[in-house]
Amino acid sequence: MSSTAAGSERLLSSQARRQNALSLLFFLCAAFAFLLRFTVSPQIMNMVVDYTAQGGSFYEKLHFGTYAIFLLLPVVLFSRPFLLQGDEIGLFKALMRYSVLIFALVPYLFVTGRAGSSGFIIDTYLVAGAAGLLMLALNADVRRALGDVVLGMAILSAVIGTIEALTQHRLLPYGLNELQFRPTGLSAHPLALGALCATAIGFVPLTHWRIWVRVMAILVLLVGCAASGARAALILAAMETLILLLFVPWPRLTPKHQRQAKSVVLLFALAVGAVLVTVLVSGGLLNRFSNTIFDENFMARVTIYQVFGLVSWKDILFGMNVDDLLAIVRAKLHLPYIESAPVVITLLFGLPIALFFTALIFWFVFRLLRGAPLPAWIGTITFLLAALSNNALSSKTPEMAIIVVLLLAYRNQPYTGQPESRSTVAVAAKPKLDRVR
């Protein structure tokens with residue numbers, strides 16, 4: 001009897017070591033795939049393949065990180081059993097539904113002669129669904145660790161962007177000519193750097209880092225957001241930080257003590273903020289506010305809506321080729337780019353499908369937010385507002401995948417109460433579940 005028990009114990013120990021080794025391996029592979037997608041810019045991709053340039057094969061239009069995430073997903077899903085608990089079951093179904101509906105848009109674009117635009121659907125939206133499924137197939141500790149990796153990447157990008165702003169030299173290649181130098185950090189565009197920093201601020205309070213580390217991380221992200229020159233993102237980041245300070249509950253304090261502590265911290269934060277603004281102004285990091293926010297760039301985002309008067313009603317209802325749209329914008333409105341997601345999405349798909357697509361995206365994001373802690377809501381709303389001020393939602397960008405990874409990394413712990421049959425389901429590639437984490 002004792003030998004049988006010892007043999008079972010050795011078997012369980014061997015299985016535990018195997019599961020731990022697989023978890024570590026999948027964590028490293030997922031971290032590599034995410035960082036590859038999130039940090040390798042289109043400018044770097046264009047040095048290897050025709051990623052955003054005219055011409056080239058279809059396979060060149062997808063990011064290397066997108067391929068990595070798609071290839072890793074079936075390996076993680078089918079290599080061993082994994083456990084879904086509580087609301088994770090609904091999340092898994094929502095991710096599958098979202099991914100199928102997004103994927104259905106790809107053949108539609110091919111049939112309508114807009115195959116070139118399918119690249120951004122896959123690279124921005126479909127890969128976000130794949131990243132979400134990949135996260136759910138990993139245990140909670142690995143998800144949180146991946147969230148920490150993504151936040152660490154955002155903080156590093158903010159540091160690099162600040163150094164670039166001070167030295168007026170970029171670390172990574174950047175092909176656009178701008179009237180005023182703006183850093184990019186590890187992102188593809190200065191506005192993307194600002195939006196990333198602003199979004200990350202909302203998720204820093206959800207980490208298990210020491211309190212002083214979280215405070216310093218938020219400070220670094222604020223400075224990086226200012227250095228990026230993204231004015232809308234900086235205003236959102238400042239408001240976001242204030243809201244986090246005032247409305248997020250502080251653990252282990254009574255309501256009375258919370259009010260007292262927050263009042264003291266608020267006064268201290270305002271004093272530090274005044275000093276920080278002075279330092280940023282003296283360092284030239286707030287120069288873009290010298291002419292207020294209602295400048296040429298702001299007016300370009302308003303002027304772009306005049307394009308609806310320059311196209312036919314058939315183009316508005318059934319969509320048009322993005323290259324033709326850009327040609328009209330450059331010839332008639334004299335704008336080099338289209339920095340408006342509503343304009344691009346409406347005239348790419350046509351109004352009816354554009355409305356469906358927009359509803360699908362917002363449903364998906366708010367489905368992920370169901371049951372999420374307050375800082376995640378604040379960070380996500382900041383992301384949406386910042387993304388609507390640029391073309392993050394209408395071009396090949398990793399922002400959607402980043403927000404999906406962060407939301408799934410820092411969700412509340414799943415419900416594990418009884419009965420297990422109602423709250424838990426095991427998903428596996430093989431019928432027998434040997435061990436459940």
Side-chain angles (χ1 to χ4, degrees), residues 12 14-40 62-103 122-153 203 364 367-368 372 398-414 416 423-437:
L12 290 174
S14 174
Q15 291 177 343
R17 286 195 298 271
R18 178 178 178 274
Q19 290 294 330
N20 291 336
L22 279 176
S23 294
L24 177 59
L25 175 63
F26 289 152
F27 163 73
L28 294 175
C29 291
F32 172 78
F34 288 161
L35 291 178
L36 184 63
R37 179 65 189 94
F38 299 162
T39 61
V40 176
L62 300 183
H63 198 282
F64 293 155
T66 297
Y67 283 116
I69 293 172
F70 285 154
L71 291 174
L72 181 60
L73 177 60
V75 176
V76 175
L77 286 177
F78 300 113
S79 61
R80 83 281 184 269
F82 63 92
L83 189 69
L84 297 177
Q85 295 179 308
D87 190 46
E88 293 175 352
I89 303 170
L91 284 175
F92 190 87
K93 294 178 180 179
L95 281 162
M96 290 295 296
R97 188 177 301 115
Y98 163 84
S99 300
V100 169
L101 292 174
I102 288 293
F103 183 76
I122 298 172
D123 249 6
T124 301
Y125 292 100
L126 188 58
V127 74
L133 291 170
L134 181 58
M135 289 287 287
L136 280 182
L138 302 169
N139 63 48
D141 292 335
V142 174
R143 292 179 213 161
R144 178 169 287 273
L146 288 170
D148 290 348
V149 168
V150 173
L151 286 181
M153 177 269 295
F203 291 90
F364 174 61
R367 178 61 185 85
L368 293 179
E399 277 82 352
M400 272 296 298
I402 289 174
I403 200 70
V404 169
V405 170
L406 291 176
L407 282 173
L408 292 176
Y410 299 111
R411 288 185 60 81
N412 291 337
Q413 290 297 319
T416 56
S423 63
T424 305
V425 64
V427 181
K430 46 189 178 181
K432 182 178 180 182
L433 180 60
D434 298 323
R435 179 178 181 270
V436 174
R437 289 186 300 272

Within-4.5 Å side-chain heavy-atom neighbours: Asp87 and Arg367: yes
Interatomic distance, His63 atom NE2 to Ile69 atom CD1 [nearest 0.5 angstrom]: 9.5 Å
Chi angles and distances behind the side chain to side chain contact (heavy atoms under 4.5 Å, CB included) call for Asp123, Arg37: CA-CA 9 Å; Asp123 249 6; Arg37 179 65 189 94; 4.0 Å; yes
Heavy-atom side-chain proximity of Leu126 to Ser99 below 4.5 angstrom: yes
Non-hydrogen atoms of Ser23 and Asn139 that approach each other most closely: OG-ND2, 3.6 Å
Heavy-atom side-chain proximity of Leu95 to Phe364 below 4.5 angstrom: yes
Pairing residues for Ala68 by the side-chain contact (heavy atoms from CB on, under 4.5 Å) criterion, not counting sequence neighbours: Ala33, Leu36
Minimum-distance pair of heavy atoms, taken over all atoms of Val76 and Ala137: CG1-CB, 3.6 Å
Distance, nearest 0.5 Å, that separates CG of Leu72 from CG of Leu134: 5.0 Å
Check: Ile403 and Phe203 side chains under 4.5 Å, non-hydrogen atoms: yes
Separation between SG of Cys29 and CG of Leu71, rounded to the nearest 0.5 Å: 11.5 Å
Point-to-point distance, once rounded to the nearest 0.5 Å, from CG of Leu138 to CG of Leu83: 13.0 Å
Side chain to side chain, Met135 and Val404, heavy atoms closer than 4.5 Å: no
Distance in Å, Leu133 CG paired with Leu408 CG, rounded so as to fall on 0.5 Å steps: 9.0 Å
Main-chain N/O of Arg143 paired to Tyr410 side chain as donor or acceptor, under 3.5 Å: no
Heavy-atom side-chain proximity of Leu91 to Arg411 below 4.5 angstrom: yes
Under 3.5 Å donor-acceptor, Tyr125 side chain and Tyr98 backbone: no
Separation of Leu151 CG from Leu146 CG (nearest 0.5 Å): 11.0 Å
Criterion side chain to side chain contact (heavy atoms under 4.5 Å, CB included) on Phe38 and Val405, from CA distance to verdict: CA-CA 11 Å; Phe38 299 162; Val405 170; 4.3 Å; yes
Neighbour count above 12 (heavy atom, 6.0 Å) for Phe70 CZ: yes
Sub-4.5 Å side-chain heavy-atom contact between Phe26 and Val142: no
